[in-house]
Peer 1: 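Below: one structure in structure tokens.
Worth saying up front: this structure is predicted, and the values here are computed from it rather than measured. Each residue takes its place number in the sequence, starting with 1. In each ligand, atom 1 is the first atom listed, and ligand 1 is the first ligand listed.
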Amino acid sequence: MKFIIVTGGVMSGLGKGITTSSIGVLLKSKGLKVVPIKIDPYLNVDAGTMNPYQHGEVFVLDDGAEADLDLGNYERFLDVNLTGDNNITTGKIYRAVIEKERNGDYLGKTVQIIPHVTDEIKDWMRRVGQREGADIVLVEVGGTVGDIEGMPFLEAMRQLAMEIGRENVLFVHTTLVPMLGTVGEQKTKPTQQSVRELRSIGIQPSAIVARGDEPLHPDIRKKIAFFCDVPVEGVVSAPNAPTIYDVPILLDEQKLTDYIMKKLELEAKKEDLEDWRDYLDRLRDPERECTIALVGKYTHLRDSYLSHIEAFHHASAATRCRVHIRWVESVDIEKKGAEPLLRGAEGILVPGGFGDRGIEGKIAAIEYARENEIPFQGVCLGFQLGTVEFSRHVLGLEDANSSEFNPKSPHPVVDLLPEQRSVKGMGATMRLGAHEVTLEPECATAKLYGDTTIYERHRHRYEINPAYLEKIEAAGLKYVGRSDDGRRMEVLELQGHPYFIASQFHPELRSRPLRPSPIHLGLTRAAAKFAG
Ligand code: GLN
């Protein structure tokens with residue numbers, strides 16, 4: 001088992017996750033089993049309690065783990081299903097160490113960062129790699145080299161290389177090469193300094209991935225190689241790419257795959273990037289276009305809706321209809337009305353969310369989609385609000401609401417899950433992860449999935465209140481998907497509307513380049529048709 005460790009220098013937001021995922025794709029294309037691990041040096045045990053405005057979307061895995069959004073990139077790029085163990089945080093490591101200490105596992109010893117915390121980190125990585133039968137454990141260390149929080153992790157990586165040999169551990173450092181002034185000179189100093197920082201803690205990178213707006217000039221490449229003590233072949237350029245799916249090809253063209261394989265003494269078992277290239281061709285060369293409005297409350301940080309963006313990429317490639325997302329802040333609908341902001345959209349998506357800000361704007365967007373027969377998809381909160389909108393405006397149940405937003409509503413058509421009533425803590429206590437959903441054989445959703453039993457991922461505390469079911473269904477909103485012996489509503493379809501499907505689960509989380517989320521795909525097709 002070999003290890004590739006990806007670190008980041010200069011600043012965050014350089015696309016370290018995409019670099020890591022891309023390296024994974026390239027090694028997988030050689031027939032190697034790659035197991036990715038993301039390290040998040042923050043003290044939270046998981047991402048579940050964090051605001052999407054800070055770290056972007058919370059990505060939910062099959063096992064219900066609430067993880068960093070990079071896990072989503074790994075799953076999509078490598079086409080694997082990961083578990084919570086693939087996301088290590090300081091919180092998880094310290095929790096494990098403290099539990100052992102209380103258990104008496106270190107009896108008589110003083111428990112310290114070195115060696116106890118660093119051992120825990122190394123053991124965790126080895127354990128996951130071994131369990132999955134990895135040829136390569138691909139580890140991305142979140143944050144920037146020099147951050148205090150990252151220190152124990154980098155120290156653990158240094159120890160790992162010392163213990164199992166430099167031929168078994170390869171360090172890839174991602175940095176920024178900014179371009180300054182009118183002459184557009186590429187500056188290498190930030191890279192030099194962050195590599196120096198890395199070397200001061202005993203880590204010498206073997207490869208440097210240099211981000212910048214433009215490709216690296218050959219002289220600059222040589223200069224980085226010289227000052228950072230890395231062979232020229234190990235310095236690769238990662239300029240801005242049209243899509244994230246271009247990045248693996250971009251790195252491969254610079255022979256990064258061959259370089260890594262040689263350094264780690266790996267043998268290729270096959271050569272296969274064809275599917276990836278095919279996918280990219282389809283994405284690049286659309287036959288049509290459509291606009292889908294995404295009505296959310298975190299639209300200023302697009303990463304909050306990353307999996308939706310990706311699901312539409314996947315659907316674009318499959319349909320050859322390029323989806324343009326129009327970002328609509330639901331609060332703006334409350335101020336200006338739905339029409340001015342949604343006019344011209346050929347599809348409308350209301351995604352998941354928490355808290356009451358912008359709720360009425362989302363409800364207005366759903367009403368607009370329903371009345372104007374614009375293709376509509378609702379996800380989680382969007383599903384719940386689809387029910388609220390229908391109850392208010394079709395059934396005439398005034399003030400119908402979710403008890404999340406109005407605990408005193410006379411018509412709580414969306415209510416707390418019964419098992420949530422006794423829940424006190426907020427961490428990992430929602431209904432989470434993949435659950436089985438049964439679809440009615442004749443419904444549109446079953447046709448999209450090509451199946452009546454599906455597994456999709458969840459993250460919610462509230463659900464449709466069964467007390468209102470009969471009334472709602474009699475008026476034409478049908479719950480065609482259910483779980484737990486029919487007790488829980490999972491999918492709704494509006495009869496007589498060209499495309500109006502909403503789900504309690506998040507289909508975007510399992511969308512893959514070659515297997516798009518069926519409901520996003522359906523929306524894209526319907527939007528293309530609507531566009532004419
Ligand atoms: N806030 C809603 C709930 O907890 C919806 C959650 C979501 O959209 N992920 O049920």
Peer 1: What atoms in ligand 1 come closer than 4.0 Å to a heavy atom of Cys380?
Peer 2: 5 (C), 6 (C), 7 (C), 8 (O), 9 (N)

Peer 1: Using a cut-off of 6.0 Å, state whether more than 12 heavy atoms not belonging to Arg95 lie near its atom CZ.
Peer 2: no

Peer 1: Using the ring centroid of each side chain, check whether His314 and His520 are separated by less than 6.0 Å.
Peer 2: no

Peer 1: Checking the N or O distance criterion of under 3.5 Å, is ligand 1 in contact with Arg461?
Peer 2: yes

Peer 1: Describe, in one word, how the ring planes of Phe500 and His497 are oriented to each other, choosing from parallel (under 30°), tilted (30 to 60°) and perpendicular (over 60°).
Peer 2: perpendicular

Peer 1: I need the atoms of ligand 1 closer than 4.0 Å to a non-hydrogen atom of Glu404, numbered in the order shown.
Peer 2: 1 (N), 2 (C), 3 (C)

Peer 1: Going by heavy atoms, is His506 under 4.0 Å from ligand 1?
Peer 2: yes

Peer 1: In terms of residue, atom name and distance, what is the protein heavy atom nearest to atom 5 (C) of ligand 1?
Peer 2: Gly353 O, 3.4 Å

Peer 1: Under a 4.0 Å threshold between the charged nitrogen and the carboxylate oxygen, would Arg510 count as salt-bridged to Asp62?
Peer 2: yes

Peer 1: Heavy-atom contacts with Gly352 under 4.0 Å: which atoms of ligand 1 show up? List them by number with element.
Peer 2: 8 (O)

Peer 1: Between ligand 1 and Leu381, is the shortest N or O to N or O distance under 3.5 Å?
Peer 2: yes

Peer 1: Please list, in number order, the atoms of ligand 1 under 4.0 Å from a heavy atom of Arg459.
Peer 2: 6 (C), 7 (C), 9 (N)

Peer 1: Does either side chain, that of His435 or that of Tyr455, offer a donor lying less than 3.5 Å from an acceptor on the other one?
Peer 2: no

Peer 1: Yes or no: does Glu463 have any heavy atom under 4.0 Å from an atom of ligand 1?
Peer 2: no

Peer 1: So that I can tick it off, tell me whether Arg357 and Glu334 are bridged by a salt bridge, with the cut-off set at under 4.0 angstrom between side-chain N and carboxylate O.
Peer 2: no

Peer 1: Look only at interatomic distance and state if His460 has a nitrogen or oxygen under 3.5 Å from any nitrogen or oxygen of ligand 1.
Peer 2: no

